[in-house]
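Note that these values count all heavy atoms, side chains included, but never hydrogens, waters or copies made by symmetry.
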Amino acid sequence: MILSLKLWLVRRWFPDVFEQARAYQLVSMNIGDLKWWCGREFPILNDASQWLMDSQAAYFADQGRPKPAMAMGISDFREYLRRKHGDLDFG
């Protein structure tokens with residue numbers, strides 16, 4: 001009851017914040033699903049989903065906490081993928 005009241009108040013008073021939070025939650029769940037359902041069969045998708053989760057965690061983390069292992073820029077991540085998975089040809 002209290003949670004639903006809080007959600008109603010946030011939705012009513014701060015609709016933009018509420019929608020951003022819902023979108024963030026949906027994307028986070030989709031990344032988790034990608035890692036869970038595809039990561040074992042397709043290791044490169046596992047790495048991509050881990051990079052997204054770690055980058056997200058680093059962005060929203062407190063400054064005093066250690067940086068997650070896969071939180072790196074996209075250029076560094078591409079180099080990591082090349083080293084780990086070789087030069088993939090999708091053409």
Side-chain angles (χ1 to χ4, degrees):
M1 171 74 177
I2 291 175
L3 180 60
S4 60
L5 177 61
K6 286 180 183 180
L7 288 175
W8 181 85
L9 288 172
V10 171
R11 178 185 256 168
R12 176 105 169 127
W13 290 342
F14 306 102
D16 293 341
V17 173
F18 181 80
E19 288 305 318
Q20 288 175 354
R22 272 185 27 163
Y24 171 83
Q25 183 181 23
L26 176 64
V27 169
S28 295
M29 289 181 351
N30 286 341
I31 293 169
D33 285 348
L34 175 68
K35 185 171 181 62
W36 178 259
W37 292 104
C38 300
R40 293 178 193 209
E41 190 173 351
F42 305 101
I44 197 165
L45 292 179
N46 184 62
D47 290 339
S49 58
Q50 189 64 51
W51 175 73
L52 289 168
M53 291 187 319
D54 285 0
S55 297
Q56 190 177 43
Y59 181 79
F60 289 103
D62 295 332
Q63 295 299 326
R65 298 178 71 181
K67 189 175 176 181
M70 293 282 286
M72 60 184 87
I74 190 67
S75 297
D76 293 334
F77 181 62
R78 287 178 58 175
E79 290 305 315
Y80 167 83
L81 289 178
R82 283 189 185 105
R83 283 192 311 273
K84 185 172 180 184
H85 298 284
D87 193 16
L88 301 174
D89 182 20
F90 292 107

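Taking 4.5 Å as the limit, some side-chain heavy atom of Y24 sits within range of a side-chain heavy atom of S28. A heavy-atom distance below 4.5 Å is not found between the side chains of W8 and R11. Taking the side chain as every heavy atom from C-beta outward, W51 and L81 never approach each other to under 4.5 Å. Side-chain contact check for F18 versus R12: every heavy-atom pair is 4.5 Å or farther apart.
Residues D54 and A69 approach most closely at OD2-N, 3.8 Å, considering heavy atoms. In plain terms, the two heavy atoms of S49 and I31 that are nearest each other are O-CG2, 3.6 Å. Among all heavy-atom pairs drawn from C38 and L45, the shortest one is CB-CD1, 3.8 Å. Between K35 and N46, the shortest heavy-atom contact is NZ-OD1, 2.6 Å. Residue S55 comes nearest to M70 through the heavy atom pair OG-O, 4.3 Å, listed as atom of the first residue, atom of the second, then distance.
Cluster membership check: L26 does not share its hydrophobic cluster with L34, using side-chain heavy-atom separations under 4.5 Å among Ile, Leu, Val, Met, Phe, Trp and Tyr. Hydrophobic clustering of Ile, Leu, Val, Met, Phe, Trp and Tyr side chains at less than 4.5 Å, counting indirect connections, keeps V27 apart from W37. With hydrophobic clusters built from ILVMFWY side chains whose heavy atoms lie under 4.5 angstrom apart, L52 does not share a cluster with M29.
Cation-pi contact between R40 and W36: present, with separation from the ring centre below 6.0 Å and deviation from the ring axis of at most 45°.
Taking a 6.0 Å sphere around CZ of R82, one finds it holds more than 12 heavy atoms contributed by other residues, nucleotides or ligands.
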